[in-house]
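A short worksheet on the structure shown next.
In what follows, chains carry the letters A, B, and so on, assigned in the order in which the sequence lines appear, proteins first and then strands, with residues in each chain numbered from 1. Keep in mind it's a predicted model, so treat the numbers as computed, not measured.
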2 protein chains.
Amino acid sequence: MENIQPFHSYKNPSLAVDLVVFGYKERTLSVLLLNRKEEPFKDCWTLPGAFLQMEERFRDTCSRVLSTKLGMNDVYLEQLYSFDEPDRDPRGRAIAVAYYALVNPSQVAVSAGHMANDVQWFDIKKLPELGFDHAIIFEQALKRLQAKILYFPVGFELLDDLFTMTELHDLYECILDLPLDRRNFRRKILDAEYIIATGKKREGLQNRHPELYKFNKKLKENSFQLNIS
Amino acid sequence: MENIQPFHSYKNPSLAVDLVVFGYKERTLSVLLLNRKEEPFKDCWTLPGAFLQMEERFRDTCSRVLSTKLGMNDVYLEQLYSFDEPDRDPRGRAIAVAYYALVNPSQVAVSAGHMANDVQWFDIKKLPELGFDHAIIFEQALKRLQAKILYFPVGFELLDDLFTMTELHDLYECILDLPLDRRNFRRKILDAEYIIATGKKREGLQNRHPELYKFNKKLKENSFQLNIS
DNA sequence: TCCATTAGTGTTAAATTGACGCAAAGATAG
DNA sequence: CTATCTTTGCGTCAATTTAACACTAATGGA
């Protein structure tokens, strides 16, 4: 290792991380949007994001945004795609590395902070117009989530630690935007050993008290493949 | 649109595009590597890549690299992942956006150019040690290709326009590194209408002259799902 | 006590898969 | 020109998986 010259001050594009934060509650899949206080896209809804600081990794930037806007650490994060359209930001060349996050909204309190007019959950079926290219980023995140849930136990991140089969089933129908046969769904999920019965029941205002399950962290490989038609 | 301030000269990480170029020939899947002429990793093998220029899109940078090193345009390109490990480049903070490419080696001539000592195809089973974090990038590209080929007609990019069933079958076995039953493979591929028989036969030094097929560009959705065991 | 509702279990025909066998077409060798 | 070898194409079948559906159990409320 000799003669290594550090990078000159080449002009590099700005590098931002944008986040598609999904939450699920009451049979509704939502995404967290932020109303901008400043130009460009002042008073428009956009995905939360931040510029990458020199020493930060992408996940650090994600955590910074999430803890500011959600008071939350320890969420499921996955890199989605990097967006490079030259005109995507009117301020100049900016690359966005998009991540999506899955959070349980009942365990977070969103707050606007000083950078935004407002922060709010929006039903993904009733989204407002989005600034920048964020509509495209969102669409891609949704597609990724829909594809991933068919073969990987993402989605438990959106539920409480204990959940009923019906709650899991509803979640899948909601994410996939499809009806799924209740009984075949149960069989697939159980055969895959995705979840573990706890023996506890959910008591309350229901009819028959349903079993409570928890996620099985020791997954067997390639155990699960949901087929949609 | 008012009061839009252009970005200040924030210090941004360098942004490079790295390429995993796959080629297939004679039952061997290969990847294109470049022997560096300069530090860091002088005389080491690395993936080809280049820094993103201010007006370029990722694909432009890919094309620039590919035309320099391969004299080739019009190749299949897919974004793989963005790598942000702070120490991945000893010269300073550098983000890499990795793409993988599929090319038909019989239609390209690799040449080292002035930046490299040498450019060469390497059998993916006999790779040399790689500089930077390129071994990780390569591994991820291979996994992506292996996963993708199970449900999408990638891979035709690696063959000639006309090919036999056996050639396609060999390609799949080679990429997946698995034996696949010849007859079941044929049935799946044909049922999915992935390919079209041309009526022509491959003449030559073979025994029975095999049918020549071409890729069916009008794919029906979700038609194909190869199962591996 | 009956009813409505949700939860849990089982049945069955149809489709798909995986593991094969075998015949046709061409090359080669005696 | 016949026998044999190899590759290609086509088909069979048992085992598994799937999709569609019916039934029973548990609970709260009328």
Side-chain angles (χ1 to χ4, degrees), chain A residues 26-27 149-151 159-160 162-174 176-214 216 220-229, chain B residues 26-27 149-151 159-160 162-174 176-214 216 220-229:
Chain A
E26 287 154 24
R27 291 168 179 253
I149 209 173
L150 297 180
Y151 67 90
L159 297 176
D160 294 333
L162 296 183
F163 50 86
T164 67
M165 186 64 78
T166 302
E167 285 161 6
L168 187 62
H169 176 244
D170 286 347
L171 171 67
Y172 272 69
E173 285 196 335
C174 182
L176 295 171
D177 197 21
L178 275 178
L180 298 172
D181 184 273
R182 186 174 64 85
R183 294 148 292 187
N184 294 336
F185 177 81
R186 157 186 283 273
R187 177 167 40 89
K188 282 234 172 191
I189 292 283
L190 289 176
D191 285 354
E193 294 173 37
Y194 248 40
I195 59 178
I196 301 170
T198 61
K200 296 176 205 159
K201 310 271 175 189
R202 170 148 298 161
E203 317 282 338
L205 33 152
Q206 343 227 350
N207 298 301
R208 179 166 176 176
H209 295 171
E211 176 86 32
L212 284 167
Y213 295 89
K214 63 179 180 183
N216 180 5
K220 42 180 182 179
E221 296 266 324
N222 296 324
S223 55
F224 186 56
Q225 176 65 53
L226 203 62
N227 300 298
I228 55 176
S229 41
Chain B
E26 288 155 21
R27 291 168 178 251
I149 209 174
L150 298 180
Y151 67 91
L159 297 176
D160 294 332
L162 296 182
F163 50 86
T164 67
M165 187 63 79
T166 301
E167 285 161 6
L168 188 61
H169 176 243
D170 286 347
L171 172 66
Y172 272 68
E173 286 196 334
C174 183
L176 295 171
D177 197 22
L178 275 178
L180 297 172
D181 184 273
R182 185 175 65 85
R183 294 147 291 187
N184 294 335
F185 177 81
R186 157 185 284 272
R187 186 183 31 168
K188 282 235 170 189
I189 292 283
L190 289 177
D191 285 355
E193 293 172 40
Y194 247 39
I195 60 177
I196 302 170
T198 61
K200 298 177 204 158
K201 309 272 174 187
R202 168 148 300 160
E203 317 281 338
L205 34 152
Q206 342 230 348
N207 298 302
R208 180 167 176 174
H209 295 171
E211 176 84 33
L212 284 167
Y213 295 90
K214 63 178 179 183
N216 180 4
K220 42 180 183 179
E221 297 266 324
N222 295 325
S223 55
F224 185 56
Q225 176 65 54
L226 202 63
N227 300 297
I228 54 177
S229 41

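- Rounded to an integer number of Å, the gap from CZ of Phe185(A) to P of dG8(C) is 13 Å.
- Mapping Arg182(A) and Arg182(B) onto DNA chain C via the closest heavy atom, the residue that lands nearer the 5' end is Arg182(A).
- With rounding to whole Å, Met165(A) atom CE is found 18 Å from dA26(D) atom P.
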What pairs of donor and acceptor atoms, side-chain ones from residues 206-213 of chain A against any protein atom, are under 3.5 angstrom apart with sequence neighbours left out?
| unit_1 | atom_1 | unit_2 | atom_2 | d |
| --- | --- | --- | --- | --- |
| His209(A) | ND1 | Glu203(A) | OE1 | 2.9 |
| Glu211(A) | OE2 | Thr198(A) | N | 3.3 |
| Glu211(A) | OE2 | Gly199(A) | N | 2.6 |

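- Every residue meeting the salt bridge (Lys or Arg N to Asp or Glu O under 4.0 Å) condition with Asp181(A), not counting sequence neighbours, appears here in chain and number order: Arg183(A).
- With rounding to whole Å, Arg202(A) atom CZ is found 12 Å from dG8(C) atom P.
- Atoms CD1 (Ile189(B)) and C1' (dT17(C)) sit 15 Å apart, rounded to a whole Å.
- Remark: Phe185(B) engages His169(B), Tyr172(B) in a ring-ring contact (aromatic ring centres under 6.0 Å, His included) (not counting sequence neighbours).
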Problem set entry | Protein proximity profile, nucleotides 25-30 of chain C - base contact B, sugar-phosphate-only contact S, no contact -, cut-off 4.0 Å on heavy atoms | BBS---
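- Here the side chains of Tyr194(A) and Leu168(A) are not in contact, with every heavy-atom distance at 4.5 Å or above.
- Under the side chain to side chain contact (heavy atoms under 4.5 Å, CB included) criterion, Asp177(B) pairs with Lys125(B), not counting sequence neighbours.
- Minimum interatomic distance between Glu173(B) and Leu180(B) (heavy atoms only, all atoms of both residues): OE2-N, 2.7 Å.
- Following rounding to the nearest Å, Leu178(A) (CG) and dA19(D) (C1') show an atom-to-atom distance of 15 Å.
- No engagement by Thr164(A) is indicated, since no non-hydrogen atom pair under 4.0 Å with the nucleic acid exists.
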Exercise. What does nucleotides 10-15 of chain C look like as a protein-contact string, B for base, S for sugar-phosphate only, - for none, at under 4.0 angstrom between heavy atoms?
Worked result: B-----
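- Straight-line distance from the CG atom of Leu168(A) to the C1' atom of dA7(C): 15 Å, rounded to whole Å.
- Shown here are the side-chain hydrogen bond (donor to acceptor under 3.5 Å, both in side chains) partners of Asn216(A), two or more places apart in sequence or in another chain: there are none.
- Here Arg187(A) pairs with nothing under the salt bridge (Lys or Arg N to Asp or Glu O under 4.0 Å) rule; sequence neighbours left out.
- In this structure, the CZ atom of Arg186(B) is 13 Å from the C1' atom of dA24(C), given to the nearest Å.
- The CD-C1' distance, from Glu167(B) to dT7(D), rounds to 13 Å in whole Å.
- The side-chain hydrogen bond (donor to acceptor under 3.5 Å, both in side chains) search around Arg182(A) returns none, not counting sequence neighbours.
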